[in-house]
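Counting starts at 1 for both ligands and their atoms, in listed order. Note that this is a predicted model, so its numbers are computed, not measured. Below, all heavy atoms of this structure are taken into account, side chains as well, without hydrogens, waters or symmetry copies.
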Amino acid sequence: MRTKELSGAGLSPGVAIGTAYRVELQTGAFYRIRISPEECSSELRRLRTALKQSRRQLQQAKRKFEAEVGKEHSYIIDAHLLILEDRHLVEQIEKKIKKELQSPERAVREAAENWLSAYRSLDDPFFQERGSDLEEVVERIISNLMELNSQTHAGLPEDLILVAPEVSLFLLAEYPLERLKGLVLRKGGSTSHGIIVARSYRIPVVSGVPNVEAAIRTGDTLIVDGSSGVVLVGPSHSEIRTYEARMREEKKRQLSLVGDQSPCVTLDGRRVFLYGNAETASEVLVGLGLGAEGIGLFRSEYIYMQDKKAPVGEEEQFKVYKSLAQQVGDRPAIVRTLDFGDERHPYFSSILAETEAVLGLRGIRLSLQYPEIFKNQVRALLRASAHGNLKIVIPMVSSVDEIIQGKQLIQEAQQELLQEGVVIDRGIEIGIMVEVPAAIVMLEAIAAHADFFAVGTNDLIQYTLAASRTDHRIAYLFNPLHPAVLKSLDRVARVAAHQNSMVLVCGEVASHPVYASLLVGMGFQHLSMNPFAIPEIKQILREIAYFEVRDTVNHILSLPTLEEVEGVVNERFSGLKRLTAEQLTS
Ligand code: PEP
Ligand code: MG
């Protein structure tokens, strides 16, 4: 058989050789419609377990509800319990499994659909309400069924290459990262969270492969070249040998990078501090080993992936933050409070209404509407602050009011803990992410309430240019060199200098040699990046003179078009990689 070659955009460099495993996205859909007669009794058992589980969950919710809100209101849950206990409904579902050999998921949906259409035909608010109760119960049973069906990792290959429509943080958390060697995706932009994490785990990614589901089957041998954006399906022995040689070279190069802990200073003596971005303890370790002077952005979303059904508790979070504080020691670690975007976490998706999340209930907005989730996290962080140099950063701030309200909740948590006699760092610094254009317009006023700024260029570019960071089709618009983006960044650098505020850049641009140089020329002295980028960025910044790059920056800031800016930048940095928007991360 001849090798099939597919191409897309390489979004995380390196080569992987492994076995394909096709993933279907679980967006409430299920994929098995029919079962075989032999499966009938085991599938009936699965149904009964799911029904029992649903009943247990509702009874638990009822007890909690009664304790917190009062007995008289628990009739809402009673209505759900009654539906679950309806013999007639359960019989109909079982019949569909036994007689029509439908999967339980399908049988539940079909049986409910008959009832729902009857309710809908009655134009009476009472029955409309029964209908929505029934829909909620059905979703609960199906989600429990799907969980009982969830694959174990036992059958997964050791050299796993996931082939999926797209990747979310949640999807990554479902698979053992140590087995995950590569990703092949139909869509996904270079700064989506799943891809950022893949990059910091050195997992090669090729995205934007059309018809990927038709071209690759589970079990196919694949070579994924995340540097050039090529995927080989069913490669020959000699192709495998060629790529294995490349992998060995790359490994050698990576090993040679480890260990340089000396400071980063430009040719003309300007000190630049380089930090690592991280989501997990192992990334922190890698970052510190590669010379990070601390953790400039600890994204806390990954911690929430441990539990699909509820926000992770204070205690579990405390453990993670405490070990982070201990890992960094005297060096700073900036932890960002929860900022779900495209993670597809089942619990939060129901709150976020997924598609709107990017312009909806993200970051501080979610925290202010669900203060108990926020306070839980802040309490864990404050408790851990006694063990090291932690700072807090609040994401997605678009007004002064949001900071005031957020800080008030933090102060309440501080008071509670002090009253409980818990030791905390009373002076913990609280900064804000500068990533919404409104925050840049209001920066002087915001500075009065923030101990430091962290510039999130991934979102800043997305919101400034109205170009989604996760849509590869418009990757050409997502360009850090757009004059509006440059002017915004320049304004942040100037205001921060004028107000004497510490400012750090932690978006993906900081990992790129050319952009990192320009940021330094703009005046930024703190850059936080994918840990693996640190040695290369350090080396490059040591070879530039701040004063010279500052002149280049001043020049490009006067240019009105992207084309002119790119022309100057490509000429000035011709020794480095040529720039296009898609190369942002290559
Ligand atoms: C950013 O927006 O640039 C950022 C650092 O945060 P995230 O990518 O997690 O949104
Ligand atoms: Mg952001």
Does any N/O atom on Glu508 come nearer than 3.5 Å to any N/O atom on ligand 1?
-> no
N/O to N/O below 3.5 Å, does that happen between Asp459 and ligand 1?
-> yes
So which heavy atom in the protein is nearest atom 6 (O) of ligand 1, and how far is it from that ligand atom?
-> Arg336 NH1, 2.9 Å
min-distance protein heavy atom vs atom 3 (O) of ligand 1 -> Asn458 N, 2.7 Å
Quick check on contacts: which atoms of ligand 1 are under 4.0 angstrom from a heavy atom of [X]?
{"X": "Arg299", "value": "4 (C), 5 (C), 6 (O), 7 (P), 8 (O), 9 (O)"}
{"X": "Leu297", "value": "5 (C)"}
{"X": "Cys506", "value": "5 (C)"}
{"X": "Arg362", "value": "10 (O)"}
{"X": "Glu435", "value": "1 (C), 2 (O)"}
{"X": "Arg469", "value": "2 (O), 7 (P), 8 (O), 10 (O)"}

Proximity flag [X] to ligand 1, non-hydrogen atoms under 4.0 Å:
{"X": "Thr191", "answer": "no"}
{"X": "His193", "answer": "yes"}
{"X": "Glu301", "answer": "no"}
{"X": "Glu279", "answer": "no"}

Tell me whether [X] contacts the main-chain N or O of [Y] through its side chain, where contact means a donor paired with an acceptor under 3.5 Å.
{"X": "Lys375", "Y": "Ile410", "result": "no"}
{"X": "Glu301", "Y": "Asp339", "result": "yes"}
{"X": "Thr457", "Y": "Leu460", "result": "no"}
{"X": "Arg199", "Y": "Ser190", "result": "yes"}
{"X": "Ser200", "Y": "Asn530", "result": "no"}
{"X": "Arg491", "Y": "Ile440", "result": "yes"}

Write the atom name of the N, O or S atom in Glu435 that is nearest the Mg ion (ligand 2).
-> OE1
Write the atom name of the N, O or S atom in Asp459 that is nearest the Mg ion (ligand 2).
-> OD2
Is Asp339 close enough that one of its N/O/S atoms sits under 2.8 Å from the Mg ion (ligand 2)?
-> no
With a 4.5 Å limit on heavy-atom distance, are the side chains of Val569 and Ile556 in contact?
-> yes
Contact check, side chains of Val358 and Gln462, non-hydrogen atoms, under 4.5 Å | yes
Hey, could you give me the NZ/CD distance between Lys538 and Glu543, rounded to the nearest 0.5 Å?
-> 13.5 Å
Checking side chain to side chain donor-acceptor pair (under 3.5 Å) for the pair Thr280/Glu283: CA distance, chi angles, key distance, verdict?
-> CA-CA 5 Å; Thr280 62; Glu283 284 171 279; 3.1 Å; yes
Between Met433 and Gly456, which heavy-atom pair has the shortest distance, and what is it?
-> CE-CA, 3.8 Å
